[in-house]
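Since the structure comes first, as structure tokens, the remarks are kept for the end.
Quick note on labels: first sequence line is chain A, next is B, and so on, each numbered from 1. Owing to the predicted nature of the structure, the values given are computational and were not obtained by experimental measurement.
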Protein chains: 2
Amino acid sequence: MLKVGRLADYGILILHHLGRVRPARLSMDTLAELTHVPLPTVRKLMRLLAEADLVVSKRGPLGGYELARSPQQISLADAITAIEGRPALTACASDRGHCELAGHCELAGRWPGVNALILQVLERTSLQDLGAGGSLHVPPPLLREPLCPEPPGRK
Amino acid sequence: MLKVGRLADYGILILHHLGRVRPARLSMDTLAELTHVPLPTVRKLMRLLAEADLVVSKRGPLGGYELARSPQQISLADAITAIEGRPALTACASDRGHCELAGHCELAGRWPGVNALILQVLERTSLQDLGAGGSLHVPPPLLREPLCPEPPGRK
DNA sequence: CTAATCGATACCGAGTTGGTATTCAATACA
DNA sequence: TGTATTGAATACCAACTCGGTATCGATTAG
């Protein structure tokens, strides 16, 4: 199904909320309430997001989390990578993890290319893009034309 | 990790091999040998691929499978959909499957857009593209410019 | 000093996924 | 018409990943 895990989904939602209140801070408790994600799960998520430097934590009363940078500067790829590792369609395109077919598989060398394409979509979509209205950076014509028109005057 | 299941991976490899020998046929036995995928697993895969009309089967001696259309006309999206259902990043972007956050989640309406983008990459990449050399339809400049440059003389 | 809040570790149950076994149906060819 | 070859269909299973939980320790505002 090519899906992103529920944790990553939740994580992105949390980042979205942090973006909305920026530069204010939100406690895990509040985040759990806002997102309806169970608190222990929020805990696990925040650790990952903090490790990846997407959020900054403050302890003690009045503590909580705030976004480390602006929502424009955080991509979906950032978020997903923080929570479930670098997106990799197949084992051959992944850093960790081995494909037992390696050696026989004629496609092994080709997957990274496709993977990079997908990754780009995720990198070019920011939290901001996701949260606001608009066409996700990508003009509707993309739907009918080749992925990118041949750049004029090249080669 | 945003990965495609191993079955889908195998399935695409199988389709690739069928493409190479087209319009000849290959038996499951041969396919298992060629791809190093265990025969029972090949069986399961071929049923799915046949149901999706990506391959055509012939029974009896000299039987086997052949590609239903040319490798250019089969996209990665076709293959993945046949094997693990329509790709959907999140539950909100999926047909089947419900997100228990539906109703509270401010992002629910936005995911389908991102999903469509990813889907397009998969739809625009054919078996042929994957198997052959070349730049996957997508010129390198895509790596540095906005996903698609604003079409000149528009709006 | 104390309450509020984050940090870290270990653990668990369930569902998905990849893989297997078995039996039946069709067909080329002798 | 019989037999060997090949696909079709069903049911089943084991292992791993994933989402979720519990518990305790560390920091800091007031």
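Using a 4.5 Å cut-off between side-chain heavy atoms of Ile, Leu, Val, Met, Phe, Trp and Tyr, with links allowed through other members, A:Leu7 and A:Ile14 fall into the same hydrophobic cluster.
Distances shown here put every side-chain N or O of A:Ser57 at or beyond 4.0 Å from the OP1 or OP2 atom of C:dT5.
Partners of B:Glu33 according to the side chain to side chain donor-acceptor pair (under 3.5 Å) rule, which considers only residues two or more places apart in sequence or in another chain, do not exist here. Partners of A:Arg20 by salt bridge (charged side-chain N to carboxylate O under 4.0 Å, His left out), not counting sequence neighbours, listed by chain and number: B:Glu106. Listed by chain and residue number, B:Glu51 satisfy the salt bridge (charged side-chain N to carboxylate O under 4.0 Å, His left out) test with B:Arg47 (two or more places apart in sequence, or in another chain). Every residue two or more places apart in sequence or in another chain was checked for a side chain to side chain contact (heavy atoms under 4.5 Å, CB included) with B:Pro61, and none qualifies. The salt bridge (charged side-chain N to carboxylate O under 4.0 Å, His left out) check on A:Arg86 picks up nothing, with sequence neighbours excluded. Looking at residues two or more places apart in sequence or on another chain, you find no side chain to side chain donor-acceptor pair (under 3.5 Å) involving A:Ser57.
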Considering only nitrogen or oxygen atoms on both sides, find all protein atoms under 3.5 Å from nucleotides 25-30 of chain D and state each distance.
residue: D:dA26; atom: N3; partner: A:Arg59; partner atom: NH1; Å: 3.4

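Straight-line distance from the CZ atom of A:Arg43 to the C1' atom of C:dA10: 14 Å, rounded to whole Å. Following rounding to the nearest Å, A:Leu2 (CG) and C:dT16 (P) show an atom-to-atom distance of 17 Å. Rounded to a whole Å, the CE atom of B:Met46 is 16 Å from the P atom of C:dG19. When rounded to the nearest whole Å, the span between CG of B:Leu39 and P of C:dG18 equals 18 Å. Residue A:Lys44 contributes atom NZ, which lies 9 Å from atom C1' of D:dT21 at whole-angstrom precision. Residue B:Tyr65 contributes atom OH, which lies 7 Å from atom C1' of D:dA8 at whole-angstrom precision.
Between D:dC18, C:dG19, C:dG7, one nucleotide has an atom nearer to the side chain of B:Thr41 than all others, and that is C:dG19.
The salt bridge (charged side-chain N to carboxylate O under 4.0 Å, His left out) analysis of residues 62-77 of chain A, with sequence neighbours excluded, yields the pairs A:Arg25-A:Glu66, A:Arg69-A:Asp78.
Within 4.0 Å (heavy atoms only), A:Pro40 reaches at least one base atom of the nucleic acid.
Put simply, the side chain of B:Leu26 does not reach to within 4.5 Å of the side chain of B:Tyr65, judged on heavy atoms.
Taken residue by residue, residues 6-31 of chain A places heavy atoms nearer than 4.0 Å to DNA chain D at A:Arg6, A:Leu7, A:Tyr10.
Place A:Arg47 and A:Lys3 on DNA chain C by their nearest nucleotides, and A:Arg47 ends up nearer the 5' end.
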